Peer 1: 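Okay, handing you the structure first.
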Amino acid sequence: MFKKYLRKLTPYLFITPHLIFFTAFLAFPAFYGIYISLHKWEPLSFNKPFIGLANYQKLFTAGTLQNRYFWNALVNTLQFVIFSVPALVLIGLLLAILVDSKIKYKGLFRSIFYTPVILSVTSVTLIWMWMLDSQTGLINYFFNQLGLDSVAWLSRETPAWISLVVTTVWWTAGHNMLLFLAGLQDIPQHLYEAAKIDGASIFEQFWYITLPSLKPTTLFVTVMTTVASFNVFGQPFMMTQGGPGRSTQVAIMYIQQEAFTNYKMGSAAAMAIIVSLFIIVIGIFQFKIMSSDVKY
Amino acid sequence: MRKRVKVSVFLVVILFLTTGSVLAEEITLDFWNGFTGPDGTGMGKMVEEFNKENEGEIEVEMQVMQWGTYYQKVVTALSTRSDSSPDIGIMHVDRVPEFASKGVLLDLDQIVADLGWSKDDFSNSVWDAGIYEGNRYGIPLDVHPLTMYINKDLFKEAGLDPDNPPKTPAEFMNAAAEMTKDTDGDGEIDQWGTAFPPLWPGPEFILPTLLRQFGGSFLNEDQTEVVVDSEESIAALEYAVDLVHNKGYSPTDIQQDGEVTLFRQGRLGMHLNGIWMISGFKDQEGLNFMSYPVPRMGEKLAIAGNSHNFVFFRKQGNSDAEFEAAAKFVKYISNNSDQWAAFGQIPARNSVRNTEAFQSLKHQASIAQEVDSVVFPPKHPIASSILTPYYEAVNLAILGQKEPEAALKDAAEAGQIALDEYLQTQ
């Protein structure tokens, strides 16, 4: 009797450790965030009155600061996603193919491309800020040597976006490379052998074998990269501080400002919920268009 | 058998530890601050000495964290109102109204009266800065103003006297002009007289200095209106923009700390930055520099600054004994703050500034000459929300991406929205 009961319990015991952490660090904070967003929540006030959807209403009412700054920040975030995701996926794939091919020192190149991933955002942004400095940076030095004018990399809007995307690609493309590499190594070699016998060129092999076989990986990489890009914070926070003006201020930066400079936790939580909704909707959309014929 | 020995040893140790702390009735005070640099080492030494002097009675436990996240941690600790929240803290004086208005700081008027301290013992403006709505919540430890660092070699090269730095608007402009030049003859300016950066500390310290020097302010007298778009304020910002873009005495498009790099490289004549940069510049090899008070660039002398203040946090069950112990600690640190100055700041107390120990610190003593001209950010619980749009306006104007007047009009409007919202809830 007891044994039977125990046997039923076993699978639950296996998922318990994960469930505990999932509940404590994901599920609970998420629901607590929704709860906070319905209140006027100032951390040092005793009273945290329930105010219904007022925090959300503010975001949709013209004339409020939240309306003005939040949508600006969200549009900026979307811009960053649009610029960075294709670059991160394509360059990740390219690097993976490169280090999967028969070149010398494969291991060395794999390590080199992956190394930036393990650096902290502070180190990465410091390195790039030094290189991109308007007056004393390495990149402008090379520009001048080539007879080009110095560029204000971080204080004009367009160069600032380029800088942020380049920094992000340098920092995280190695992660995507690793995922693609695993995907590439999962493709059975006999497919290529058969194709070669049929006289397929390298390009045809790539197009008809590699790409379709990588579809699940590509889907995963694209969705994860999109989510990560939506959550971008450290790079603009350190490198441009949202400037010039607020033209590179991203959603998480404004949420952080609202929460910890203005101490409006309720309003900040409401914004975070809206950003999450955007991520969820875009994620579903990506799954829909890309996973139609993916078999796991 | 062995197990039993282990257990009994364990029990004895526990007994020893618990009775030890009960018998001594030692008061433990948690002291939080953000002194992560050499200033933290200095403070740590002073705390250690205090603990030694008061062994068995008071134990101050100092906890140091980055200023960047310090206030977030304080807010979190205080919001839980738990035992682990700090008893004593260091707070920038402009943050005092914010915390005082929430009722989490203790009124310190009695302590100050008991210690026998008065306005005459401190530099004027800093003493008043710690008062909010008639009560004192902060006891000033130091003053850290914007400072003018000069490169002595560049001064000499330009025929200027490095021991007699600019003090008036004309002298400042002249010095800036003399030191701005193309040193390698490629037709591009590569050495500048000064720098007005569009990022920290430009909007936060340099422009507020100019604003006050030109006679402007952030808020009107009764704090109901944001007046950063006043004539004086526009004039101050136009002065900066003109210096950067028309006169060209400052590099354009400076990135975060780009001007610090230029000064370290010896390509900047007069560098405006906080007093906390002294020790960093001292470590820079080949940099021959001196520190002076910021000169007058407008109608009257005013220098933007801030001040570290002691505050006592309201906790459940604050006892009188704890309060007295905290007062004793603050008095000790304040009396010995000449040691502290060696780590970068100007002591708030007049008596300490007049000591030989302090006067022998040539950089700090030089900057301290104008300590009475130091002005502080507006005293308002939501000052940071009101000022953020101003910083943004300064950023855009100095980058040359928006006209000063239009930028400041927008900043005043946005600040006013934040202020109105606050006033409505009061």
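From a predicted model like this one, the values you see are computed outputs, not experimental measurements. Naming: A, B, ... by sequence-line order, numbering from 1 per chain.
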Peer 1: At a 4.5 Å cut-off on heavy atoms, which part of A:Lys264 comes close to chain B: side chain, backbone, both, or neither?
Peer 2: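 Side chain of A:Lys264 only, per the 4.5 Å heavy-atom cut-off to chain B.
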Peer 1: Who among B:Asn395, B:Ile254, B:Ile417 has the most heavy-atom pairs with chain A under 4.5 Å?
Peer 2: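 Most pairs with chain A among the choices: B:Ile417.
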Peer 1: For the backbone of A:Gly245 and the side chain of B:Glu392, can you confirm whether one donor and one acceptor N or O come within less than 3.5 Å of each other?
Peer 2: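 Side chain of B:Glu392 to backbone of A:Gly245, a donor-acceptor pair under 3.5 Å: no, none is there.
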Peer 1: Can you tell me how far CD of B:Gln255 sits from CG of A:Leu154, rounded to the nearest 0.5 angstrom?
Peer 2: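 So the CG of A:Leu154 and the CD of B:Gln255 are separated by 4.0 Å.
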Peer 1: Working to the nearest 0.5 Å, report the span between OG1 of B:Thr76 and CZ of A:Phe260.
Peer 2: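 One gets 6.0 Å once the value is rounded to the nearest 0.5 Å.
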Peer 1: Can you tell which part of B:Ala397 gets under 4.5 Å to a heavy atom of chain A, answering side chain, backbone, both or neither?
Peer 2: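 Neither part.
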Peer 1: Quick one: OG on B:Ser79 to CE on A:Met265, what's the gap to the nearest 0.5 Å?
Peer 2: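 Answer for the OG-CE pair, B:Ser79 versus A:Met265, is 8.0 Å.
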Peer 1: Check each atom of A:Gln256 against the heavy atoms of chain B and say whether the ones under 4.5 Å are side chain, backbone, both or neither.
Peer 2: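 When you check distances to chain B, only side chain atoms of A:Gln256 fall under 4.5 Å.
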Peer 1: Say whether, by atom type as modelled, one donor and one acceptor occur between the side chain of A:Ser134 and the main chain of B:Asp253 under 3.5 angstrom.
Peer 2: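 Yes, because the side chain of A:Ser134 sits within donor-acceptor range (under 3.5 Å) of the backbone of B:Asp253.
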Peer 1: Find the distance between CG (B:Asp257) and CG (A:Asp133) and round it off to the nearest 0.5 Å.
Peer 2: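 Spacing of CG (B:Asp257) from CG (A:Asp133) equals 9.5 Å.
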Peer 1: What's the separation between atom CG in B:Asp420 and atom CG in A:Leu65, rounded to the nearest 0.5 Å?
Peer 2: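 With rounding to 0.5 Å, CG (B:Asp420) is 10.0 Å from CG (A:Leu65).
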Peer 1: Identify the two heavy atoms, one from A:Ser155 and one from B:Leu399, that lie closest to each other, and give their separation to 0.1 Å.
Peer 2: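 Heavy atoms only, the tightest pair is CB-CD2, 3.4 Å.
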Peer 1: Pull out the residues in residues 179-193 of chain B that come under 4.5 Å of chain A, heavy atom to heavy atom, sorted by number.
Peer 2: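 Answer by number: B:Trp192.
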Peer 1: With a 4.5 angstrom heavy-atom cut-off, could you sort out which part of A:Trp130 is near chain B: side chain, backbone, both or neither?
Peer 2: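 When you check distances to chain B, no heavy atom of A:Trp130 falls under 4.5 Å.
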Peer 1: Is any residue of residues 92-101 of chain B within less than 4.5 Å of chain A by heavy atoms, and which ones?
Peer 2: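 So the qualifying residues are B:Arg95, B:Glu98, B:Phe99.
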Peer 1: Under 4.5 Å heavy-atom distance to chain B, tell me which part of A:Glu42 shows up: side chain, backbone, both or neither.
Peer 2: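 Looking at A:Glu42, just its side chain touches chain B.
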Peer 1: At a 4.5 Å cut-off on heavy atoms, which part of B:Gln256 comes close to chain A: side chain, backbone, both, or neither?
Peer 2: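 When you check distances to chain A, atoms from both the backbone and side chain of B:Gln256 fall under 4.5 Å.
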Peer 1: With respect to chain A, which residue among B:Thr252, B:Leu199, B:Thr261 yields the maximal number of heavy-atom pairs within a distance under 4.5 Å?
Peer 2: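 That would be B:Leu199.
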Peer 1: Given heavy-atom pairs under 4.5 angstrom as the criterion, report whether the side chain, backbone, both or neither of A:Arg68 touches chain B.
Peer 2: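 The side chain, not the backbone.
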Peer 1: Set out, in order, the CA-CA distance, both residues' side-chain angles and the distance that settles side chain to side chain contact (heavy atoms under 4.5 Å, CB included) for B:Leu78 and A:Leu44, then state yes or no.
Peer 2: CA-CA 7 Å; B:Leu78 293 178; A:Leu44 289 178; 3.7 Å; yes
Peer 1: In Å and rounded to the nearest 0.5 Å, what is the OH to OG distance from A:Tyr263 to B:Ser384?
Peer 2: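 Going from OH on A:Tyr263 over to OG on B:Ser384, the span is 7.5 Å.
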Peer 1: Evaluate side chain to side chain contact (heavy atoms under 4.5 Å, CB included) for A:Lys40 paired with B:Thr425, printing each intermediate quantity in order.
Peer 2: CA-CA 11 Å; A:Lys40 184 176 155 62; B:Thr425 60; 4.1 Å; yes
Peer 1: Given B:Gln401 and A:Glu157, is the side chain to side chain contact (heavy atoms under 4.5 Å, CB included) satisfied, shown in steps?
Peer 2: CA-CA 10 Å; B:Gln401 297 183 15; A:Glu157 196 178 338; 5.9 Å; no
Peer 1: Please report the C-alpha distance between B:Arg267 and A:Thr136 in whole Å, then the side-chain angles of each, then the deciding distance to 0.1 Å, and finally whether the side chain to side chain contact (heavy atoms under 4.5 Å, CB included) criterion is met.
Peer 2: CA-CA 10 Å; B:Arg267 294 164 63 191; A:Thr136 57; 3.5 Å; yes
Peer 1: For the pair A:Gln135 (side chain) and B:Glu259 (backbone), establish whether a donor and an acceptor sit closer than 3.5 Å, ignoring hydrogens and angles.
Peer 2: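 Judged by distance alone, no pair lies under 3.5 Å.
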Peer 1: Please classify the contact of B:Tyr71 with chain A as side chain, backbone, both or neither, using a heavy-atom distance under 4.5 Å.
Peer 2: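 Looking at B:Tyr71, backbone and side chain both touch chain A.
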